[in-house]
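Read the structure below first, then the notes.
Chain naming here is simple, since letters A, B, ... match the order of the sequence lines and numbering starts at 1 in each.
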There are 4 protein chains.
Amino acid sequence: MNFENHVPIYIQIIDLIKRDIVLGICKPGDKLQSVREYALALKVNPNTVQKAYQEMERMSLAFTKRGIGRFIVEEEAIVLKLKHEMSDEIAHVFIEKMIELGYTSDEILSTVKKMLNGGKK
Amino acid sequence: MNFENHVPIYIQIIDLIKRDIVLGICKPGDKLQSVREYALALKVNPNTVQKAYQEMERMSLAFTKRGIGRFIVEEEAIVLKLKHEMSDEIAHVFIEKMIELGYTSDEILSTVKKMLNGGKK
Amino acid sequence: MNFENHVPIYIQIIDLIKRDIVLGICKPGDKLQSVREYALALKVNPNTVQKAYQEMERMSLAFTKRGIGRFIVEEEAIVLKLKHEMSDEIAHVFIEKMIELGYTSDEILSTVKKMLNGGKK
Amino acid sequence: MNFENHVPIYIQIIDLIKRDIVLGICKPGDKLQSVREYALALKVNPNTVQKAYQEMERMSLAFTKRGIGRFIVEEEAIVLKLKHEMSDEIAHVFIEKMIELGYTSDEILSTVKKMLNGGKK
DNA sequence: GTGGTCTAGACCACA
DNA sequence: GTGGTCTAGACCACG
């Protein structure tokens, strides 16, 4: 967790899990760590994890079995859906901002190419 | 101004002005609108514009002539510098996030291409 | 059983049995299924059935014969009593809430009529 | 606020406000009391009011102007929509339960009539 | 054990 | 002033 930047911790937690789902580290139907466990692991307050988990339920990414635990939604398609949703969002924001700065499509493409070849940060 | 998303309004204002500089809508040395004028125009609290202007001074993008007004820094190079700084930052963030999602360089490139051709908005 | 809504599962179980009594599916004096059996059938934690049964004893709806099993109370009147108790409670809550929303008696009646005719589900 | 029953306080708060909207006590576009104010008035913790308010935003019943306050959504139709949504829900649950208990449409109607005439609780 | 709710009190950014 | 977030710690119902 990054406590320095201004992205709320509970959002960072959600993104963490979303990434784990996309990367296959946890799979549809898997049980999430309990609120207390995960809070301990991340060294944050249980309420913060709770908030993240509840937000994930609202996004239909997880659901609760009362008294048993919380689980990732059991829909296999969620992985690809998440991946595309997230990458589309990211790419869209990127391109919008570049266009706003006056870049043409060609310039945008070559910027990306250069950076990808440049390799390290 | 977008009051709904989570980007602070004063940041949105700074970005607005930066874009105007990059696009040549206002030039190095130009006088900025007064806090009150601009606040009125943007339908925003004057404190918010004030904060945006102060932040721009901190970033050496603007300076104050006491009793006269606030001006964009007079250095011509600022335009290109801004443009590159901003686009580099944007592209860098974009690529980092895509890699985090497990995309390869080729996939990133083709995603960008597709979006540029899709061309909506 | 509905694991998604917020009605405790043990309450849902009680309601299930009460309905069966009212509808004559099981009769005063009948033996209830064993905790384990019923838990298996409902795909529920045995503790939960246990709690439901205990609660029913507390409400004088059931009683235990040690070593033999649990039984529905033997009083025939229980059926009608249950039926009226439950419907009165339900109707009362309904009318109270409608009045709170500003509905008049006439409007309440016509709402009910409309719904009964609409008849879906 | 009712601290005795098991309906979460934040839900009770939401219902309170919804009722006020339906009854015209507060109108679309009105400012809601600040979190702290309302918490003080209801003698609950500000976090509890906060939770209620945020839930209302999720239901598109309210929105935030940052640094200014929270407001009821500006859509006039919301009043009737809420009223019908709530009464439909209430009536639907009522009728479902009565049917489950084996009541016929006629019996349901006459039960309601009787209760409405019976008048007091 | 699990999640759900609540309190008390704090800090922060924003307007 | 406003809302947003977070911590610490508590109690409860549920399984």
Side-chain angles (χ1 to χ4, degrees), chain A residues 1 3-13 31-39 42-55 57 62-71, chain B residues 1 3 6-13 35 39 42-52 55, chain C residues 1 3 6-13 35 39 42-52 55, chain D residues 1 3-13 31-39 42-55 57 62-71:
Chain A
M1 286 306 97
F3 295 88
E4 259 67 63
N5 77 16
H6 288 172
V7 180
I9 295 177
Y10 77 94
I11 300 279
Q12 296 182 45
I13 295 176
K31 186 172 178 306
L32 291 167
Q33 292 185 64
S34 84
V35 170
R36 289 166 176 82
E37 251 177 28
Y38 206 23
L42 297 175
K43 302 202 187 166
V44 295
N45 187 286
N47 282 338
T48 306
V49 176
Q50 174 75 347
K51 186 162 185 177
Y53 279 1
Q54 283 180 337
E55 188 63 24
E57 295 199 8
F63 65 98
T64 297
K65 283 193 193 166
R66 287 210 306 272
I68 301 180
R70 247 190 211 92
F71 299 79
Chain B
M1 287 307 100
F3 293 86
H6 287 174
V7 181
I9 296 175
Y10 78 95
I11 300 278
Q12 295 182 45
I13 295 175
V35 169
L42 296 175
K43 297 198 189 167
V44 146
N45 187 309
N47 285 340
T48 310
V49 176
Q50 175 71 3
K51 179 151 189 181
E55 186 64 18
Chain C
M1 288 306 102
F3 292 86
H6 288 172
V7 180
I9 294 175
Y10 79 94
I11 299 279
Q12 295 182 45
I13 295 176
V35 169
L42 296 176
K43 297 198 188 168
V44 146
N45 188 308
N47 285 339
T48 310
V49 176
Q50 175 72 1
K51 179 153 189 180
E55 187 64 18
Chain D
M1 286 306 98
F3 294 87
E4 259 67 64
N5 76 16
H6 288 172
V7 180
I9 296 178
Y10 77 93
I11 299 279
Q12 297 182 43
I13 294 177
K31 186 173 178 305
L32 291 166
Q33 291 184 66
S34 85
V35 170
R36 289 164 177 82
E37 252 177 28
Y38 207 22
L42 297 175
K43 301 202 187 166
V44 296
N45 186 287
N47 282 338
T48 308
V49 177
Q50 174 76 347
K51 186 163 185 177
Y53 278 1
Q54 283 179 337
E55 189 62 25
E57 295 199 8
F63 65 98
T64 297
K65 283 192 194 168
R66 287 211 305 273
I68 301 180
R70 246 191 212 92
F71 299 80

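Taking atom CD of residue A/Glu37 and atom P of nucleotide E/dG3, one finds them 8 Å apart after rounding to whole Å. Atom CD in C/Gln12 sits roughly 17 Å away from atom P in F/dA13 (whole-Å rounding). A/Arg70 has its CZ atom 9 Å from the C1' atom of E/dG4, to the nearest Å. Whole-Å rounding puts the A/Gln33 CD to E/dG3 P distance at 10 Å. Across the protein-nucleic acid pair, A/Leu42 atom CG and F/dA8 atom P stand 14 Å apart, rounded to whole Å. The CE-P distance, from A/Met1 to F/dT7, rounds to 11 Å in whole Å. Regarding D/Lys43, its NZ atom lies at a distance of 18 Å from the P atom of E/dC6, rounded to whole Å.
In this structure, the side-chain hydrogen bond (donor to acceptor under 3.5 Å, both in side chains) partners of A/Arg70, at least two apart in sequence or on a different chain, are A/Glu57, A/Thr64. Residues that satisfy the side-chain contact (heavy atoms from CB on, under 4.5 Å) test with C/Lys51, not counting sequence neighbours, are C/Tyr10. Listed by chain and number, the residues in a side-chain hydrogen bond (donor to acceptor under 3.5 Å, both in side chains) with A/Glu55 are A/Arg58 (sequence neighbours excluded). Remark: B/Asn47 pairs with B/Asn45 by the side-chain contact (heavy atoms from CB on, under 4.5 Å) rule, at least two apart or across chains. When the side-chain contact (heavy atoms from CB on, under 4.5 Å) test is applied to A/Lys65, the partners found at least two apart in sequence or on another chain are A/Phe63, A/Ile68, A/Phe71.
Applying the 4.0 Å criterion to OP1 and OP2 of F/dG4, one finds that D/Gln50 has a side-chain N or O inside that range. For F/dG4, the OP1/OP2 oxygens have a side-chain nitrogen or oxygen of D/Gln54 closer than 4.0 Å. For A/Thr64, a side-chain nitrogen or oxygen approaches OP1 or OP2 of E/dG4 to under 4.0 Å.
A distance of 13.5 Å separates NZ of D/Lys43 from CD1 of D/Ile9, quoted to the nearest 0.5 Å. Separating the CG atom in D/Leu42 from the CD atom in D/Gln33 is a distance of 7.5 Å, to the nearest 0.5 Å. Distance check, rounded to the nearest 0.5 Å: CZ of A/Arg66 to OG1 of C/Thr48 gives 9.0 Å.
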Protein-to-nucleotide contact annotation, 5' to 3' order, nucleotides 9-15 of chain E [B base; S sugar-phosphate only; - none; under 4.0 Å, heavy atom]: B----BS
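Axis orientation changes by 10° from one end of the helix from E/dG1-F/dC14 to E/dC14-F/dG1 to the other, with each end axis drawn from 5 pairs and the value rounded to 10°.
Taking the side chain as every heavy atom from C-beta outward, D/Tyr53 and D/Val35 approach each other to under 4.5 Å.
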